[in-house]
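Report on the structure given below.
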Amino acid sequence: MKEKTSNAVLSAQVSRRKLVKTTAIGGLAAASGALTLPFSRMAFAQTAADTVSTAENVVWSACTVNCGSRCPLRMHVVDGEIKYVETDNTGIDDYEGLHQVRACLRGRSMRRRVYNADRLKYPMKRVGARGEGKFERISWDEAFDTIANSMKGIIKEHGNEAIYLNYGTGTLGGTMTRSWPPGSTLIARLMNCCGGYLNHYGDYSTAQIAAGLNYTYGGWADGNSPSDIENSKLVVLFGNNPGETRMSGGGVTYYLEQAREKSNARMIIIDPRYTDTGAGREDEWIPIRPGTDTALISALAWVMIAENLVDQPFLDKYCVGYDEKTLPKTAPANGHYKAYILGEGADGVAKTPQWAAKITGIPAERIVQLAREIATAKPAFISQGWGPQRHSNGELVSRAIAMLSILTGNVGVNGGNSGAREGSYSLPFVRMPTLENPVQTSISMFLWTDAIERGPEMTATRDGVRGKDKLDVPIKMVWNYASNCLINQHSEINRTHDILQDDKKCEMIVVIDNHMTSSAKYADILLPDCTASEQMDFCLDASCGNMAYVIFAGQAIKPRFECKTIYEMTSEIAKRMGVEQQFTEGRNQEEWMRHLYKQSQEAIPELPSFEEFSKQGIFKKRDPEGHHVAYKAFREDPAANPLTTPSGKIEIYSEQLAEIAATWQLNEGDVIDPLPVYSAGFENYGDPLAEKWPLQMTGFHYKARTHSTYGNVEVLKAACRQEMWINPIDAQQRGIKNGDMIRIFNGRGEVHINAKVTPRIIPGVVAMGEGAWYSPDANKVDHAGCINVLTTQRPSPLAKGNPSHSNLVQVEKA
Ligand SMILES: Nc1nc2c(c(=O)[nH]1)N[C@H]1C(S)=C(S)[C@@H](COP(=O)(O)OP(=O)(O)OC[C@H]3O[C@@H](n4cnc5c(=O)[nH]c(N)nc54)[C@H](O)[C@@H]3O)O[C@H]1N2
Ligand SMILES: Nc1nc2c(c(=O)[nH]1)N[C@H]1C(S)=C(S)[C@@H](COP(=O)(O)OP(=O)(O)OC[C@H]3O[C@@H](n4cnc5c(=O)[nH]c(N)nc54)[C@H](O)[C@@H]3O)O[C@H]1N2
Ligand code: SF4
Ligand SMILES: [Mo]
């Protein structure tokens, strides 16, 4: 693909003044200079004061939520108020060029979030019990003083390791406002000036795949850019639903469409649900029981071995542990993958299609056909979303799916893929420096409630504590910035509630948000933040195929109510902690942006001036490489370009994992294995608990919201209702009809919502979009469909991550 650089196509337009009719706005329009301009129209001719029209200002802003995309928004502002929202209109809608990054319906409804009745208006302190949501308005000074004094006291008594930065991705896409990773936030910069904080590793998105594929490929597993599908013969998506999870016009769903139009690649979707990515565009949907992909892959491998379809030269040259030839010396006899598949390994079970059919629910004949099809359609783009790995056995599943690419030699070539999620191009734009954390200790992002409850009991080999053999102190203070993970997005809500409600355990919780979320209700000090529309920032880092972009988000409107920016808040607290100069270096927010921009211009010479950029709104650049091909250099010359695994090769057998399996303390039933073997994990198919809770429940990331964000926008709620998907067979057994109110429950809690009875989900499985706003009644029954009332806090074995999609439940008509 040819590379068209920078902003030639972008110049078309932008922040401009134009005239609008004010009829739609009616009495809201106030007098302004616009009356003197031509073409101005009369509003409702009620009173003299009403007969005015106002100039409309179009300001570039952005949607910075964590949907994996990132979109520019053009805010139409009249008289200091956003009247409506449009999106990117630059570039031609040409796949080869710098195409438009069009926002989805969520971004376009940003106005309804900015002016939402749930907006936090003033700083507040808690007056009732934690979680009750009773607050009293206080001054900013009182809020800052309380936080600073509390921090000083906790640092003095327990040390900096007692202060935790909770996971939160509400403003992931910002630069000044960036809320994750914790180490890249302004809260981290503040804490680093004050002696540091307890960090976390991993994330709710990818904990298991990041841990699993690290042992296969070394580090974060790379993927081909989805634009490269134009070179593919076949696309196989395991639990990957870009039609819903990458909805931007700058995102993966667009590339998948466009690239398949060129290559005409067949597309097979393997998912318990018939997703929106399919919706008639797929060639085949293969429904699978959640948590069983490894069984399917093992049987595909069995057929490929039996029919001599594996890429043996690739396995010999690039991999460790496929068969005897490349098995490390430390491994047991027959410890290799081929022996495992053929039933010559430790378990003695041949992974035949018949064996896998029982587990996966996919007929044996179909498995045989699928193996032949995948092995012969070269190159094939095989990828996994993050649904398959968000399970109790997710580390093994992620490695197993990658095996399919490895067995067929599809790694490192155009039109192929590593088996990981698609990759994308990014720009070396400079982010806010946050200084070094003097504290080395970190915990899994999923175990913070445990660290409040039993911190000093948590060890490296049992709980995955890093940087130390064990935690010395429990968490005493939590910063919760742009996060609903204090309650809504974290597993097992009723358990979390009990831990947080006791304010002798964790003594100080600071929540910084725009809205009164369920997490905000657990704050001791609640601070009202500016939205992206109320401040200036750069926004970037989308999952964007082979065209990267940066958005200049200007300040569209003044801060509402008493809201302040995160930079102002952290600067004020820095002042009270005696580190103001170190924190601000004498710059305000815009000065920092100009400073970072100058550095970015050195790294990206095509960037226009700061002023031009502010008018242009978005800067786009195509990957000079054309299509990104993951592990291309390794494929071309593995000796010169080894992987970062210990052997420098793809490790099908991992000696490091063998060591971990032998030394870590694991819960009963937890499996860590040097090979990507099938283990059911807990609360998946085959768990004896199913006698009591017979249905598997998976969550999914829903188009109605980005997690919980946008979850309080009424039009979106009405357009995409929160329902529980259930197959007609399971519904009929329970006397449930489409639209009926149902009870979904297990030992952890109960949810009441409507049933969506549909053959779009495999029997034995129910599903619900994650992120609905937790709404409990007096009996703790949730009436909004918040799935985390039902999920478990038990972590996955290796990553200690969230198994959000592994749940057993029962369903009844309410
Ligand atoms: N059961 C289940 N649970 C899950 C998942 C699942 O699949 N199933 N998915 C998990 C995943 S992958 C993730 S990434 C997490 C996401 O969890 P979170 O990172 O908590 O994401 P959101 O729910 O979007 O919450 C973001 C918060 O930021 C706030 N916010 C938005 N804009 C701003 C702003 O400008 N300033 C401030 N201060 N706040 C702002 C929003 O109001 C919201 O409260 O959820 C996880 N939880
Ligand atoms: N609209 C919207 N977009 C989003 C988000 C959002 O909340 N809303 N969240 C963003 C974030 S932070 C993240 S991390 C990503 C999440 O991206 P993903 O993790 O990929 O999204 P999920 O919907 O959890 O899972 C993808 C698919 O996997 C399927 N699945 C579940 N279990 C299994 C299994 O065992 N095997 C197989 N084969 N399939 C399975 C689900 O049915 C679903 O269709 O999405 C991002 N995009
Ligand atoms: S939610 Fe995602 S896809 Fe939608 S407008 Fe925002 S950044 Fe774009
Ligand atoms: Mo995520």
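Numbers here simply count residues along the sequence, with the first being 1. Just so you know, ligand 1 is whichever comes first in the structure, and atom 1 is the first atom listed for that ligand.
- Between the side chain of Arg74 and the backbone N or O of Glu86, no donor-acceptor pair lies under 3.5 Å.
- At least one N or O atom of Thr709, backbone or side chain, sits closer than 3.5 Å to an N or O atom of ligand 1.
- For ligand 1, the atoms closer than 4.0 angstrom to any heavy atom of Thr706 are 24 (O).
- Considering both main-chain and side-chain atoms, Phe238 never comes within under 3.5 Å of ligand 2 through any nitrogen or oxygen pair.
- Looking at ligand 2, you'll find an N or O of Trp386 within less than 3.5 Å of one of its N or O atoms.
- Using a non-hydrogen distance threshold of 4.0 Å, Arg289 does not register as a contact of ligand 2.
- With a heavy-atom cut-off of 4.0 Å, Val65 touches ligand 3 through its side chain alone.
- With a 4.0 Å heavy-atom cut-off, ligand 2 is reached by the side chain of His805 but not by its N, CA, C or O.
- Counting only heavy atoms of the protein, atom 42 (O) of ligand 2 lies nearest to Asp271 OD1, 2.7 Å.
- When the heavy-atom distances from atom 40 (C) of ligand 2 to Gly394, Ser543, Pro272, Ser205 are ranked, the shortest goes to Pro272.
- Using a 4.0 Å cut-off between heavy atoms, Asn66 contacts ligand 2 through both its backbone and its side chain.
- Among protein heavy atoms, atom 7 (O) of ligand 2 sits closest to His707 N, 2.7 Å.
- Looking at Asp529, Asn514, Asn488 and measuring to atom 32 (N) of ligand 1, the nearest heavy atom belongs to Asn514.
- Protein heavy atom in closest approach to atom 25 (O) of ligand 2: Gly387 CA, 3.3 Å.
- Residue contacts with ligand 2: Gln389 is excluded, as none of its non-hydrogen atoms falls under 4.0 Å.
- At under 3.5 Å, a nitrogen or oxygen of Asn484, whether backbone or side chain, sits near a nitrogen or oxygen of ligand 1.
- With hydrogens left out, the protein atom closest to atom 43 (C) of ligand 1 is Asp513 OD2, 3.5 Å, a heavy atom.
- Residue Ala103 approaches ligand 3 through these ligand atoms, each under 4.0 Å from one of its heavy atoms: 5 (S).
- Tyr167 has its ring centre less than 6.0 Å from the ring centre of Trp180.
- A cation-pi arrangement is absent between Arg119 and Phe561, since the terminal nitrogen or guanidinium carbon is not both under 6.0 Å from the aromatic centre and inside a 45° cone about the axis.
- When only non-hydrogen protein atoms are considered, atom 8 (N) of ligand 1 lies nearest to Ser804 CB, 3.4 Å.
- Under 4.0 angstrom from ligand 1, the non-hydrogen atoms of Tyr167 all belong to its side chain.
- Per-residue contacts place Arg246 under 4.0 angstrom from the following atoms of ligand 2 (heavy atoms of the residue considered): 45 (O), 46 (C), 47 (N).
- Heavy-atom proximity to Lys703, at under 4.0 Å, picks out these atoms of ligand 2: 1 (N).
- Short contacts between ligand 2 and Arg273, defined as distances under 4.0 Å to a heavy atom of the residue, involve ligand atoms 42 (O), 43 (C), 44 (O).
- Under a 4.0 Å criterion applied to the non-hydrogen atoms of Ser248, ligand 3 contributes the atoms 3 (S).
- Cation-pi geometry between Arg421 and Trp386 is met: the NZ or CZ atom falls under 6.0 Å from the ring centre, inside 45° of the normal.
- Looking at His701, Arg390, Arg106, Gln384, it is His701 that brings a heavy atom closest to atom 9 (N) of ligand 2.
- With respect to atom 17 (O) of ligand 2, the closest heavy atom belonging to the protein is Arg421 NH1, 3.3 Å.
- Atom 23 (O) of ligand 1 has its closest protein heavy atom at Ser708 OG, 2.5 Å.
- For ligand 3, the atoms lying closer than 4.0 Å to a non-hydrogen atom of Gly107 are 5 (S).
- Using a 4.0 Å cut-off between heavy atoms, Ser179 makes no contact with ligand 1 at all.
- Within the 4.0 Å heavy-atom criterion, neither part of Thr292 lies near ligand 2.
- Taking each of Asn788, Asp118, Leu120, Thr245 in turn, the one with a heavy atom nearest to atom 1 (N) of ligand 1 proves to be Asn788.
- Within the 4.0 Å heavy-atom cutoff, Gly170 counts among the residues contacting ligand 1.
- Taking only nitrogen or oxygen atoms, main chain and side chain alike, Asn240 does not reach within less than 3.5 Å of ligand 2.
- The proximity of Arg705 to ligand 2, defined as any non-hydrogen pair under 4.0 Å, is limited to the backbone.
- Of all protein heavy atoms, the one closest to atom 6 (C) of ligand 1 is Glu770 CG, 3.6 Å.
- When heavy-atom distances to ligand 1 are checked against a 4.0 Å cut-off, Arg113 comes that close only through its side chain, counted from C-beta outward.
- Which parts of ligand 3 touch Thr706 is read off a 4.0 Å heavy-atom cut-off, strictly below it: atoms 1 (S).
- At a heavy-atom distance under 4.0 Å, only side-chain atoms of Arg106, from C-beta outward, approach ligand 3.
- In terms of N/O distances under 3.5 Å, ligand 1 is approached by Thr169.
- Checked by distance only, ligand 1 and Gln489 come closer than 3.5 Å through their nitrogen or oxygen atoms.
- Remark: Arg111 fails to qualify as a cation-pi partner of Tyr84 under the 6.0 Å distance and 45° angle criteria applied to the six-membered ring.
- Residue contacts with ligand 2: Phe700 is placed with no nitrogen or oxygen under 3.5 Å of a nitrogen or oxygen of the ligand (distance criterion only).
- Using the six-membered ring where Trp is involved, Tyr164 and Trp448 have ring planes that are parallel, under 30° apart on the 30 and 60° scheme.
- Ligand 1 has no N or O atom lying under 3.5 Å from any N or O atom of Ile787, backbone or side chain.
- Both tests pass for Arg289 against the ring of Tyr685: distance under 6.0 Å to the centre and angle within 45° of the axis.
- Residue Gly771 places every heavy atom at 4.0 Å or more from ligand 2.
- Nearest non-hydrogen protein atom to atom 33 (C) of ligand 2 is His391 NE2, 3.7 Å.
- From the protein, the heavy atom lying nearest to atom 34 (C) of ligand 2 is Asp293 OD1, 3.5 Å.
- Taking the six-membered ring where the residue is Trp, the centroids of His490 and Phe446 are separated by under 6.0 Å.
- Considering only heavy atoms from C-beta on, Gln793 stays 4.5 Å or farther from Arg748 through its side chain.
- For Cys67, every heavy-atom contact with ligand 3 shorter than 4.0 Å involves the side chain, none the backbone.
- The proximity of Tyr481 to ligand 1, defined as any non-hydrogen pair under 4.0 Å, is limited to the side chain.
- A donor atom on one side chain and an acceptor atom on the other are found under 3.5 Å apart for Asn488 and Ser518.
- By the 3.5 Å distance cut-off applied to N or O atoms, Gly168 is not counted among the residues near ligand 1.
- With a 6.0 Å cutoff to the six-membered ring centre and a 45° limit on the axis angle, Arg70 does not count as a cation-pi contact of Tyr549.
- The distance criterion of under 3.5 Å between nitrogen or oxygen atoms is not met by Thr171 with respect to ligand 1.
- Considering both main-chain and side-chain atoms, Tyr204 never comes within under 3.5 Å of ligand 1 through any nitrogen or oxygen pair.
- Residue nearest to atom 26 (C) of ligand 2, selected from Gly385, Gly68, Gly239, Gly291: Gly239 (by heavy-atom distance).
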